**Q** 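Sending over a structure as structure tokens; questions will come in a sec.
Keep in mind the model is a prediction, meaning the values are calculated, not measured. Side-chain atoms are counted along with the backbone in the values below, which use heavy atoms only and exclude waters and symmetry mates. Counting starts at 1 for both ligands and their atoms, following the listed order.
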Amino acid sequence: MRRVSVSQRMKKMFLLGIIMGAVAGILFTVLIANGIISNKEETYAARVQTLTNENESLQQEAAKRGAVNNNTDLLAGNEEGWALALVNESHPMADTSYVPAEMIEVESERSVDSRIAADLEQMLADGAAEGLSMYVASAYRSYEQQRDVFDATMRDWINQGYSPLSAYDETRKSVAVPGTSEHATGLAVDIIASEYEALDDRQGDTDEQKWLMEHCWEYGFILRYPQEKADITGIIYEPWHYRYVGKAAAKEITEQGVTLEEYLGE
Ligand SMILES: [Zn+2]
């Protein structure tokens, strides 16, 4: 009897062992499988993140290439990167008759590309709320208007006794040659302090410009022609000329302390 009971108990324990083993096995498998799946999910999520980042930086690179290669096509489109269009002497407007599809008058006879109007108006309003007094002295300029400004400035130099050729060279330093002006994009504005309206270096010492230089990036703008960057931009220090590049780029350009040319790898 005792032996039977022992063997029965053994049998029970054996059965129990098998059941426990099976349960443990199932549990183990489930846990491991879950672990593997969640590991896989993590790996997968990380991979997706990496690919997303890579894709974003590629898109950014593509936008930069586009910004450099066909500025007016880029401006006319609504694809990402329109705000990065590069216009300077070595990258003139591909189409000199370009006019922004939609413009908004931010002040009397001062119109900008409608895509930047809200940010510009917000910047001016926030500046005014700080007790500053400034206004947009120049915004979108057509090719013809730019030519008139260029001719008028050149005439001033000639009247001062300069030869036409040296008058042209002097003018180029402060006025963009028609077709190479950012004002033709509708993304650039000249903002001037009411208390000091002269367009010279001292404009940069006004409270208005100090505030703008410090905060413009928050609204997607950059000071386009900073001091000591004339060799890169081709334009002398212009503490009044602000260019919209979009908030992300404005932040990066400001943080890196570079010009738009350098940012675009030009
Ligand atoms: Zn300007």
Side-chain angles (χ1 to χ4, degrees), residues 71-72 75 83-93 96 98-100 103-113 115-117 119-121 123-124 127 134-154 156-157 170-194 196-206 208-213 215-217 219-230 232-246 250 253-254 259-261 263:
N71 45 29
T72 40
L75 281 166
L84 288 176
L86 180 65
V87 178
N88 60 22
E89 272 208 29
S90 45
H91 301 85
M93 295 287 280
T96 53
Y98 171 79
V99 180
M103 284 201 278
I104 288 182
E105 201 173 55
V106 284
E107 276 170 40
S108 172
E109 289 177 36
R110 306 281 181 263
S111 296
V112 294
D113 188 309
R115 294 172 291 187
I116 77 163
D119 284 330
L120 175 60
E121 282 169 341
M123 180 166 78
L124 294 170
M134 52 194 166
Y135 65 96
V136 177
S138 188
Y140 168 77
R141 282 203 296 265
S142 68
Y143 179 86
E144 288 73 23
Q145 287 169 317
Q146 184 67 25
R147 196 182 52 202
D148 292 346
V149 173
F150 193 90
D151 289 353
T153 311
M154 199 172 140
D156 284 347
W157 285 108
E170 283 306 316
T171 305
R172 263 176 55 178
K173 290 179 191 169
S174 61
V175 182
V177 174
T180 72
S181 170
E182 272 201 337
H183 285 280
T185 65
L187 308 183
V189 282
D190 294 341
I191 305 175
I192 293 179
S194 307
Y196 186 83
E197 297 177 294
L199 297 181
D200 58 27
D201 286 9
R202 284 179 54 206
Q203 178 67 229
D205 300 331
T206 61
E208 283 74 14
Q209 300 302 352
K210 283 180 189 165
W211 185 85
L212 283 171
M213 286 181 207
H215 295 281
C216 67
W217 65 271
Y219 305 89
F221 286 86
I222 56 165
L223 180 72
R224 182 66 177 88
Y225 307 118
Q227 219 155 11
E228 287 149 19
K229 292 278 190 179
I232 298 163
T233 63
I235 303 279
I236 54 157
Y237 176 45
E238 287 197 354
W240 55 85
H241 182 108
Y242 293 88
R243 159 67 197 268
Y244 190 84
V245 291
I253 288 170
T254 305
T259 60
L260 184 57
E261 280 82 3
Y263 179 70

**Q** Taking the N/O/S atoms of His183 one by one, which is nearest to the Zn ion (ligand 1)?
**A** NE2
**Q** How are the rings of Tyr219 and Trp211 set to each other: parallel, tilted or perpendicular (split at 30° and 60°)?
**A** tilted
**Q** Could you report the tightest heavy-atom contact between Tyr242 and Trp240, atom names first, then the distance?
**A** CD1-O, 3.3 Å
**Q** For a distance under 2.8 Å, tell me if Glu238 has an N/O/S atom near the Zn ion (ligand 1).
**A** no
**Q** Going by salt bridge (charged side-chain N to carboxylate O under 4.0 Å, His left out), name the pairs with one or both residues in residues 134-143, residues two or more places apart or in two chains.
**A** none
**Q** Closest N/O/S atom of Asp190 to the Zn ion (ligand 1), by atom name?
**A** OD1
**Q** For Arg243, give me all partners under salt bridge (charged side-chain N to carboxylate O under 4.0 Å, His left out), at least two apart in sequence or on another chain.
**A** Glu182
**Q** If you look at His241, which of its N/O/S atoms is nearest to the Zn ion (ligand 1)?
**A** ND1
